[in-house]
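Just below is one structure, and these are the notes that go with it.
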Amino acid sequence: MTCGAAILDAEGLVLTPEEKAFFRDADPFGFILFARNIQSAAQTRALCTELREAVGRDCLITIDQEGGRVQRLRSPLARDWMAPLDHVGQAGDQAERAMYLRYRLISQELLDLGIDSNCAPVGDLVTPDTHPFLKNRCYGDSLEQVVSLARAVAQAHLDGGVLPVLKHIPGHGRAQVDSHKDLPQVTAPLDTLEAQDFAVFAALNDLPLGMTAHLVYEALDDQPATISDRVMAMIRQEIGFDGLIMTDDISMKALDGTPAQKAEAARRAGCDLVLFCNASLADRRAVAEAAGAMDGAGLDRAQAAQSQRHAPLPLDTEAAEAELTALMGGKVYV
């Protein structure tokens, strides 16, 4: 397999002729969907087929379906879930099983529409300073709790035939500003980061895909993690994550420069894939060109990740919903 080192999106409910031609030529590794791309089950399935036909292969199609605020599919196409942190709190001692069932059902919803990846689990630790944009998307404030719940979420996806994307490596919980708008600066000492934030991802370093964090760890570098060769080397060598690593969306304001400059910097730092969303066709072209083609170790990691796609294990949906409802004391959805 050879392909471009980018994950891109589409403008609307169907591909334009210009998008079809661009995707054929650029051959991105995969695609990501947003709410604007989703109208009905039949339309979403057709769009996924169009995207795969454009690149001529069964490429990865991902989405952000965490539940709560970050949920691109909503009723009637999908269940409307409470925020993850609220779900964990409601489940109490049964949170691990409840989170597994939640994301097993989410995986079923995604795969039914042709979507075979999800940008979850979230491995970020909640701290007293965690910004509201992230806080209720997390699973807890202790290393042991977050690792066990993130592992359950990842396994639920894999059992459901959907590839999980672990985020945000190497830890976004100490961000005090929203990286969609500003660049967070983390001042915690390295030993604290290694014992807490980074340790979550070290415990989950066998997962097939991961997503970077757009924030500066002052103990490591003055560059944001996504474009820092020092941080990327630490992720590979110290954390030991050998899965396929994509950037968080490089259109976010935490990163400076043109889209092409950001893509070049991320690839140069060691990211395997550049995620670029919500942009003009011209900017998507520029990013695809700047990201270049996948090769070497990145291509090996891509093939290893995709090899973990398989048919979903059998699921009794009614029984899963009934068990989840019981575990949650009757309150499951919003």
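Remark: side-chain polar atoms of His214 are not paired, donor with acceptor, to backbone N or O of Ile227 under 3.5 angstrom. A distance-only check finds a donor-acceptor pair linking the side chain of Gln261 to the backbone of Thr258 [under 3.5 Å]. Judged by distance alone, the side chain of Ser228 and the main-chain N or O of Ala225 form no donor-acceptor pair under 3.5 Å. Counting only distance, with no hydrogens or angles, the side chain of Asp316 and the backbone of Ala319 share a donor-acceptor pair below 3.5 Å. No donor-acceptor pair closer than 3.5 Å links the side chain of Ser75 to the backbone N or O of Ala78. Judged purely by atom type and a 3.5 angstrom limit, Arg69 uses its side chain to pair as donor or acceptor with the backbone of Phe133. Side-chain atoms of Ser117 never come within 3.5 Å of backbone atoms of Leu60 as a donor-acceptor pair (strictly under, hydrogens ignored). Looking at Asn205, its side chain does come within 3.5 Å of a backbone N or O of Ile239 through a donor-acceptor pair.
Partners of Glu144 under the salt bridge (Lys or Arg N to Asp or Glu O under 4.0 Å) rule, at least two apart in sequence or in another chain, do not exist in this structure. Residues meeting the side-chain contact (heavy atoms from CB on, under 4.5 Å) test with Thr130, sequence neighbours left out: Val126, Thr127, Leu134, Lys135. For Ala10, the side-chain contact (heavy atoms from CB on, under 4.5 Å) partners are Leu15, Glu19, Asn37, not counting sequence neighbours. With sequence neighbours excluded, the residues forming a side-chain contact (heavy atoms from CB on, under 4.5 Å) with Val177 are Asp182, Pro184, listed by chain and number. Scanning for salt bridge (Lys or Arg N to Asp or Glu O under 4.0 Å) contacts around Glu96 gives an empty result, with sequence neighbours left out. The side-chain contact (heavy atoms from CB on, under 4.5 Å) check on Lys167 picks up Asp64, Glu66, Cys119, Val122, Arg137, Met211, with sequence neighbours excluded. Taking Glu321 as the reference, Arg79 meet the salt bridge (Lys or Arg N to Asp or Glu O under 4.0 Å) condition, with sequence neighbours excluded. Considering only residues two or more places apart in sequence or on other chains, Asp206 meets the side-chain hydrogen bond (donor to acceptor under 3.5 Å, both in side chains) condition with Arg151. Every residue two or more places apart in sequence or in another chain was checked for a salt bridge (Lys or Arg N to Asp or Glu O under 4.0 Å) with Asp25, and none qualifies.
Between the side chains of His157 and Asn118, at least one donor N or O lies within less than 3.5 Å of an accepting N or O. Inspection of the Thr317 and Gln108 side chains reveals an N or O donor paired with an N or O acceptor under 3.5 Å. Between Tyr139 and Asp124, the side chains place no donor N or O within less than 3.5 Å of an acceptor N or O (distance only, hydrogens not considered). Asp178 and His131 share no donor-acceptor pair across their side chains, judged by distance under 3.5 Å alone. Between the side chains of Gln65 and Arg74, not a single donor N or O lies within less than 3.5 Å of an accepting N or O. Between the side chains of Ser179 and His172, at least one donor N or O lies within less than 3.5 Å of an accepting N or O.
Crowding of Glu289 atom CD: a count of heavy atoms from other residues, nucleotides or ligands under 6.0 Å not exceeding 12. Counting heavy-atom neighbours within 6.0 Å of Asp93 CG, excluding the residue itself, gives a total of 12 or less.
With contacts defined as side-chain heavy-atom distances shorter than 4.5 Å, the pair Met294/Thr2 does not qualify. Within the 4.5 Å cutoff, the side chain of Leu281 has heavy atoms near those of the Glu18 side chain. Contact check for Lys262 versus Asp256: no side-chain heavy atoms found under the 4.5 Å cut-off. Under the 4.5 Å side-chain criterion, counting only non-hydrogen atoms from C-beta, Arg57 is not in contact with Arg52. Two residues are said to be in side-chain contact when any heavy atoms from C-beta on lie closer than 4.5 Å; Phe276 and Arg284 meet this criterion. At a threshold of 4.5 Å between non-hydrogen side-chain atoms, the residues Ile32 and Leu275 count as touching. Looking only at side-chain heavy atoms (C-beta outward), Leu163 and Leu158 come within less than 4.5 Å of each other. Gln196 is listed as a side-chain neighbour of Leu125, based on a closest heavy-atom distance under 4.5 Å.
Considering every non-hydrogen atom in both Ala288 and Ala26, the closest pair reads CB-CB, 3.9 Å. Of all the heavy atoms in Leu105 and Leu324, the pair that sits closest is CD1-CD2, 4.1 Å. Taking all atoms of both residues into account, the shortest heavy-atom contact from Val274 to Ala291 is CG2-CB, 4.1 Å. In this structure, Arg97 and Leu327 approach most closely via the heavy-atom pair CG-CD1, 3.5 Å. In this structure, Ala188 and Ala219 approach most closely via the heavy-atom pair O-CB, 3.9 Å. Closest of all the heavy-atom pairs between Arg267 and Ala293 is NH2-O, 3.1 Å.
Residue pairs meeting the salt bridge (charged side-chain N to carboxylate O under 4.0 Å, His left out) criterion with at least one member in residues 28-49, sequence neighbours excluded: Asp9-Arg36, Arg45-Asp112. For residues 234-246, every residue pair satisfying the side-chain hydrogen bond (donor to acceptor under 3.5 Å, both in side chains) rule, not counting sequence neighbours, is listed here: Arg236-Asp272, Asp242-Arg301.
The aromatic rings of Phe31 and Phe23 sit perpendicular to each other, their planes meeting at more than 60°, with 30° as the lower class boundary.
Taking hydrophobic clusters as Ile, Leu, Val, Met, Phe, Trp and Tyr residues chained together by side-chain heavy-atom distances below 4.5 Å, Leu77 shares a cluster with Tyr333. Two different hydrophobic clusters hold Ile106 and Val70 under the rule that ILVMFWY side chains link at heavy-atom gaps under 4.5 Å. Val162 and Ile61 fall within the same hydrophobic cluster, defined by Ile, Leu, Val, Met, Phe, Trp and Tyr side-chain heavy atoms under 4.5 Å apart, directly or through other members. Val14 and Leu33 fall into different hydrophobic clusters, where Ile, Leu, Val, Met, Phe, Trp and Tyr are joined by side-chain heavy atoms under 4.5 Å apart, directly or via other members. Under a hydrophobic-cluster definition in which Ile, Leu, Val, Met, Phe, Trp and Tyr are linked whenever side-chain heavy atoms come within less than 4.5 Å, directly or via other members, Leu220 and Phe201 are assigned to the same cluster.
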Where do Phe198 and Phe241 land on the ring-ring contact (aromatic ring centres under 6.0 Å, His included) test, with the steps shown first? CA-CA 11 Å; Phe198 300 172; Phe241 189 87; over 10 Å; no
For side chain to side chain contact (heavy atoms under 4.5 Å, CB included), just list the numbers for Gln39 and Thr44, CA-CA rounded to whole Å, side-chain angles, deciding distance to a tenth of an Å, and then say yes or no. CA-CA 7 Å; Gln39 183 180 69; Thr44 305; over 6 Å; no
Does Asp159 form a side-chain hydrogen bond (donor to acceptor under 3.5 Å, both in side chains) with Tyr100? I'd like the steps, not just the answer. CA-CA 10 Å; Asp159 289 350; Tyr100 175 88; 2.7 Å; yes
Please assess Met232 against Cys271 for the test side chain to side chain contact (heavy atoms under 4.5 Å, CB included), listing each intermediate value before the final yes or no. CA-CA 7 Å; Met232 292 304 301; Cys271 294; 3.9 Å; yes
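Here the rule is side-chain contact (heavy atoms from CB on, under 4.5 Å) with Val200, and of Leu143, Leu166, Ile169 only Leu143 fits it.
Through chains of ILVMFWY side-chain contacts below 4.5 Å, Val216 is grouped with Leu183.
Using a cutoff of 4.0 Å between basic side-chain nitrogens and carboxylate oxygens, Arg174 and Asp129 are not scored as salt-bridged. By the 4.0 Å N-to-carboxylate-O rule, Arg309 lies close enough to Asp116 to be salt-bridged with it.
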